[in-house]
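Chain A is the first sequence line, chain B the second, and so forth, proteins listed ahead of strands; every chain is numbered from 1.
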2 protein chains.
Amino acid sequence: MADVARLSGFSAMTVSRALKDGASVSAKTRERILEVIEEIGYVPDLSAGGLSSKRSGFVTALVPTINNSNFSDTACGLTDALSKRGLQLLLGYTDYSAAREEELVAAMLRRRPEGMILTGGFHTPRARHLLESAAIPIIETWDLPDNPIDQVVGFSNAEATGAMVRDLTARGYRNIGFIGGSSKRDTRGADRRAGYEAAMVELGLGEGHVITFGTPPISMEQGGQAIVQMIGQWPEVDAVICVSDLSAFGAIMECHRRGWAVPGRIAVAGFGDFEVSRCCWPSITTVTVNSYDIGKQAGELLLSTLDKIRSGAEIQAATQKIDFKVVAREST
Amino acid sequence: MADVARLSGFSAMTVSRALKDGASVSAKTRERILEVIEEIGYVPDLSAGGLSSKRSGFVTALVPTINNSNFSDTACGLTDALSKRGLQLLLGYTDYSAAREEELVAAMLRRRPEGMILTGGFHTPRARHLLESAAIPIIETWDLPDNPIDQVVGFSNAEATGAMVRDLTARGYRNIGFIGGSSKRDTRGADRRAGYEAAMVELGLGEGHVITFGTPPISMEQGGQAIVQMIGQWPEVDAVICVSDLSAFGAIMECHRRGWAVPGRIAVAGFGDFEVSRCCWPSITTVTVNSYDIGKQAGELLLSTLDKIRSGAEIQAATQKIDFKVVAREST
DNA sequence: CTGTTAGCGCCTTCAC
DNA sequence: GTGAAGGCGCTAACAG
């Protein structure tokens, strides 16, 4: 920047201003400065700028995995919302582990993000403490935590799965099973299972039949193994809800393989409206949630919160509920 | 850091040393300092440290999309390799657009990454210029560029698709078609098509039949539409290679829907060994490439290059070839 | 509209 | 093994 200043005949401060839009620099000056910049190939150092302005330009997002189109859609929504204002996303993935989340929170905070987006409402005490001490806006997504840290953009996974049980019931299914991961690591998965169980009891359909399989997230292949186990154990089951479309897909393919008609012999539903559920034959009944929109809305909420902080306006922790909808397709 | 220094009774410099392993600080001193840090909840500012040490701790990776398990696997491999040495990944996605890649290159360079990982060998002249001026190690992946910028970790998409043509030919298929995206935006897709065409000619199977569909990346659904068009236009086609497993999957599901047996009426092969290809019924013949390993190897190559730069050793631009293999499954 | 001064939080370098 | 001085590249704050 000093070089640009010297070569253009202005001070470094004026160069700095010329690079920022909305700053008071004459058109002529800016033009000359940009010319020099182009000429010598100057690339400003944002981190140095951030050190000085106390605004890093970073926002951190932590998702369970980027290897799942739902969360990567959310990450895209976030990127789109934030990049409009020049904020850059620092993306981390926790592998569904709260311990890894804690490590990532600690690591990311060293980059002085202006805000942080988390997935779900379950965090280690230390992670929570770090986040609260950071004094930046936090948004939890993909869930409706009982005791949110700050802001929330999400929906009730339990309620959504309950809606699926009701939809299946309305179609005449009575012996409805559930296939999911085997632990509480995937808290959204656990919520879905809880929602299933609650709805079954509520509708007087008994306690239901649950097959848990593998470490979350449950894979396509495990979905296939689980449905075999389900039918082996409870042949009377006529419909099964899978914790995600991926396992539902695996289950349906295994049914094809074994000659079990879907939905004739058994109906299969998923969760998440992944591309595979739309394209599969039979197409898979699922719960659709706009994953991209979760990210977009979280990003916009963060931006407006940041604006309020700067203008000194009052901030109140809000919860933005995201719509979900049961989409009935061929598989049920 | 000044607070920690005061409270511990040491200088800021000693605090800085206590935080870095390998620095000469007595065990007792370090212990006391870490105690104070824990007590007051001090979180070091890495960007300020980077400004001073001239090492940002960042590495940038640019992929076409994170919404594709192949590239996100590569990103995971990169993260795993780099985080061991405390380097953090700045991930960007280009949406298969060279113009967006250029923007991202410019934006990321402002963060002073210590190295940059790109996907493919096609870049705008300006992007290339920016990268070359940056004087940092660059690694191009997922391809074997004719004129690489620096280092390469990849494989020949054309060769891999040629191998698939040969495999199908060995199984007796003669009228082999190709389904892919409609433009050169996806350069790996274009390479695969070129490899298909070259192999067809080489094997004396004519010029082949190509259906291009949609803006890359071609979706599952578009794969379904494309195979209908293929069979409508060239009913003699007995096998089709799709540019990716996703379109192959869509094609197969559409065949199920229409009662066309796979592989009886038509064989279908994909590319990339996505989870869906393993689990699909019939399972999909594909080209398997270790996507995670591409990232891992690129990360390790970058680390060793960085080491060499620091130690003043000579660096020579190398090309690391990644293995691929045709995996025959039920769909052919 | 432009310039000067000071300092962001840390680390390099040198001294002891 | 520890400390002091100075500066990394930039921008806030103030002055004109």
Sequence neighbours left out, what passes ring pair (Phe, Tyr, Trp, His ring centres under 6.0 Å) with B:F155? Give chain and number order. B:W142

Side chains of residues 34-50 of chain A: which donor-acceptor partners sit under 3.5 Å, not counting sequence neighbours?
{"unit_1": "A:E35", "atom_1": "OE1", "unit_2": "A:R32", "atom_2": "NH1", "d": "2.9"}
{"unit_1": "A:D45", "atom_1": "OD1", "unit_2": "A:S47", "atom_2": "N", "d": "2.9"}
{"unit_1": "A:D45", "atom_1": "OD1", "unit_2": "A:A48", "atom_2": "N", "d": "3.0"}

Could you check how far CG of A:L46 sits from C1' of D:dC10, rounded to whole Å? 10 Å

If I take atom CZ in residue B:R6 and atom P in nucleotide D:dT2, what distance separates them, rounded to the nearest angstrom? 20 Å

Qualifying residues under salt bridge (Lys or Arg N to Asp or Glu O under 4.0 Å), relative to A:D143, sequence neighbours excluded: A:R188

Residues in residues 20-30 of chain B with a heavy atom under 4.0 Å of DNA chain D, by number, are B:S24, B:V25, B:S26, B:T29

My understanding is that only residues two or more places apart in sequence, or in another chain, count here; which of them pass side chain to side chain contact (heavy atoms under 4.5 Å, CB included) with B:T94? B:L62, B:P64, B:E101, B:L104

Atom-pair distance (CG on B:L19; C1' on D:dG1), nearest Å: 17 Å

With A:Y292, the side chain to side chain donor-acceptor pair (under 3.5 Å) member among A:N70, A:D73, A:D80, A:T74: A:D80

Who are the salt bridge (Lys or Arg N to Asp or Glu O under 4.0 Å) partners of A:D293, not counting sequence neighbours? none

Atom CZ of A:R55 and atom P of C:dG9 are separated, to the nearest Å, by 16 Å

Generate the contact string for nucleotides 3-9 of chain D. Rules: B means base contact, S means sugar-phosphate contact only, - means no protein heavy atom under 4.0 Å. BB--BBB

All pairs passing ring pair (Phe, Tyr, Trp, His ring centres under 6.0 Å) where residues 88-131 of chain A contributes a residue, at least two apart: none

For B:A81, side chain to side chain contact (heavy atoms under 4.5 Å, CB included) partners two or more places apart: B:E300

